[in-house]
Amino acid sequence: EINSMADFFSFFSSNIETPSSTAHEIDCLTANIVKSHRETCQYRVEELQALRWKVFSREEVLAYQSKSVEEMWQRCAYRLTDSIQYVVEFAKRIDGFLELSQNDQIVLLKGGSLEVVLVRMCRSFNPDNGTVFFEGKFGGTEIFKSLGCNDLIASIFEFSQSLCALHLSEQEVALFTAVVLLNPERACLQEKEKVARLHSHVDVTFKNTLQRSHRDTVLSKLSQKTLQLKSLCSLHIDRLRLFLELRPLLAHSLFPPLYHELFT
Ligand code: CLR
């Protein structure tokens with residue numbers, strides 16, 4: 001289990017050659033990213049769809065709503081951190097990622113892991129009734145009422161709803177999350193060029209697969225999504241700061257160490 005960035009680096013490995021863009025290499029990179037996604041996506045998409053009938057009852061919703069704000073933040077932070085650990089594992093399995101400097105790996109994960117979780121959320125989201133898979137069943141925004149940040153929750157749900165409307169395949173989710181993660185514009189990258197090269201390989205691969213399946217229109221819609229992701233993540237940080245300012249003593253014991261390290 002990974003609790004901090006230090007744990008993460010104790011798993012060091014791998015030795016990958018610099019990629020170039022022949023058709024064969026594009027296919028290899030696609031296969032590598034799709035496999036990495038499949039191995040680290042936490043739940044299979046068919047599994048999630050089969051569970052959609054399991055919706056929280058009125059009583060269960062009321063029970064969530066009567067939890068304290070601290071308990072609800074803690075539960076959500078634990079769930080998010082859990083899924084972020086899968087994203088760390090996803091990153092490590094992408095060809096070339098472990099070739100980046102430790103600093104740059106951390107910068108990319110700090111900046112991108114929540115964005116990837118929010119993209120992955122569309123797989124766990126049922127757009128027919130606006131519910132998400134949380135602690136074993138599907139629930140709507142009302143489940144999260146006691147967090148006291150309805151604006152953030154509403155924006156996250158709207159984002160998932162609009163992403164679902166694009167009907168991304170598992171291959172598209174895999175490639176899109178890799179593109180999001182390998183963003184060369186993150187502040188404080190030491191080897192920006194190296195990240196940019198890796199990013200452009202994945203980006204070319206992604207565009208190529210979209211073209212091959214006549215899904216070019218998805219591309220322009222996804223660039224909007226990238227902007228929305230950025231504002232969702234800064235809203236999350238704002239709401240977290242607000243929460244912590246009101247409870248300076250409690251804060252450290254409440255959240256998992258990795259959540260702290262990433263967001264505070
Ligand atoms: C995303 C896809 C992952 C599994 C997963 C785990 C935790 C879920 C997350 C998904 C979606 C967003 C989620 C989160 C737990 C809490 C959070 C439902 C389904 C909601 C939006 C509350 C966020 C509150 C912050 C203020 C901490 O594979």
Side-chain angles (χ1 to χ4, degrees), residues 40-87 113-168 173 177 225 228-247 250-251 253-260 262-264:
T40 63
C41 64
Q42 213 170 343
Y43 310 105
R44 286 186 301 120
V45 73
E46 313 81 56
E47 223 164 58
L48 287 161
Q49 273 167 10
L51 286 172
R52 281 182 176 185
W53 62 273
K54 273 190 161 194
V55 180
F56 286 116
S57 69
R58 181 92 201 105
E59 290 70 35
E60 289 168 320
V61 172
L62 287 173
Y64 274 115
Q65 291 179 338
S66 60
K67 289 191 191 306
S68 70
V69 60
E70 288 85 6
E71 180 181 349
M72 206 55 200
W73 266 89
Q74 186 175 38
R75 280 179 181 249
C76 290
Y78 270 89
R79 298 285 159 245
L80 281 175
T81 305
D82 202 44
S83 52
I84 284 170
Q85 290 183 356
Y86 286 91
V87 175
S113 56
L114 184 59
E115 294 190 356
V116 171
V117 168
L118 293 175
V119 173
R120 285 179 164 195
M121 177 176 170
C122 72
R123 304 169 69 254
S124 306
F125 190 82
N126 181 356
D128 301 335
N129 58 7
T131 58
V132 70
F133 190 67
F134 176 74
E135 300 192 330
K137 291 190 183 178
F138 281 79
T141 51
E142 66 277 7
I143 295 277
F144 302 101
K145 205 171 138 195
S146 53
L147 288 171
C149 46
N150 294 341
D151 55 345
L152 171 62
I153 302 301
S155 311
I156 291 176
F157 273 64
E158 269 165 42
F159 176 79
S160 229
Q161 187 83 41
S162 67
L163 206 54
C164 280
L166 300 182
H167 300 287
L168 299 181
V173 172
T177 50
K225 297 294 150 217
Q228 292 170 5
L229 276 174
K230 206 176 152 194
S231 74
L232 286 178
C233 290
S234 61
L235 196 55
H236 165 247
I237 302 282
D238 285 350
R239 293 297 171 269
L240 175 62
R241 292 231 171 94
L242 204 65
F243 174 81
L244 291 178
E245 270 164 30
L246 298 170
R247 301 163 190 80
L250 208 81
S253 54
L254 211 56
F255 295 135
L258 183 61
Y259 184 81
H260 252 293
L262 289 173
F263 304 118
T264 65

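This is a predicted model, so every value here is computed, not measured. Because only heavy atoms are used, hydrogens play no part in the values below, and waters and symmetry mates are left out as well, while side chains stay in.
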Nearest 0.5 Å, what's the [atom1]-[atom2] distance between [X] and [Y]?
| X | Y | atom1 | atom2 | answer |
| --- | --- | --- | --- | --- |
| Q85 | T40 | CD | OG1 | 12.5 Å |
| Q49 | N126 | CD | CG | 8.5 Å |
| L258 | T81 | CG | OG1 | 6.0 Å |
| R52 | N129 | CZ | CG | 8.0 Å |
| C233 | F263 | SG | CZ | 7.0 Å |
| L262 | S113 | CG | OG | 5.0 Å |

**Study point:** Listed partners of E46 passing salt bridge (Lys or Arg N to Asp or Glu O under 4.0 Å), at least two apart
**Key:** R44
Point to revise | Those residues that, when tested against D151, pass side chain to side chain donor-acceptor pair (under 3.5 Å) (two or more places apart) | key: R239
Practice item. Take F243 and V69 through the side-chain contact (heavy atoms from CB on, under 4.5 Å) test and state the conclusion after the steps. Key: CA-CA 9 Å; F243 174 81; V69 60; 4.1 Å; yes
Exercise for review: Could you tell me whether a side-chain N or O of S234 sits under 3.5 Å from a main-chain N or O of S231, the two making a donor and an acceptor?
Suggested key: yes
For [X] and [Y], work out which heavy atoms get closest and say how close.
| X | Y | result |
| --- | --- | --- |
| E60 | K137 | OE2-NZ, 3.0 Å |
| G130 | F125 | CA-CZ, 3.7 Å |
| S124 | F138 | O-CE2, 3.3 Å |
| M121 | S160 | CG-OG, 3.4 Å |
| F255 | L244 | CE1-CD2, 3.7 Å |
| G139 | I143 | CA-CG1, 3.7 Å |

Practice item. Look at the aromatic rings of H236 and Y259 and report parallel, tilted or perpendicular, splitting at 30° and 60°. Key: perpendicular
Quick check: do [X] and [Y] have side-chain heavy atoms less than 4.5 Å from each other?
| X | Y | result |
| --- | --- | --- |
| Q228 | L118 | no |
| I156 | L232 | yes |
| S83 | R120 | no |

Exercise for review: Return yes if a side-chain donor-acceptor contact under 3.5 Å exists between K225 and S162, otherwise no.
Suggested key: yes
**Study point:** Residue pairs passing the side chain to side chain donor-acceptor pair (under 3.5 Å) test where at least one lies in residues 61-73, sequence neighbours excluded
**Key:** Y64-E135, E70-R247, E71-R75
Practice item. Evaluate the criterion side-chain contact (heavy atoms from CB on, under 4.5 Å) for residue pair F144 and C149; output intermediate values, then yes/no. Key: CA-CA 8 Å; F144 302 101; C149 46; over 6 Å; no
Review point. Going through the distances and angles, do Y86 and V117 end up as a side-chain contact (heavy atoms from CB on, under 4.5 Å)?
Key: CA-CA 9 Å; Y86 286 91; V117 168; over 6 Å; no
**Study point:** Neighbour count >12 (heavy atoms, 6.0 Å) for atom NZ, K145
**Key:** no
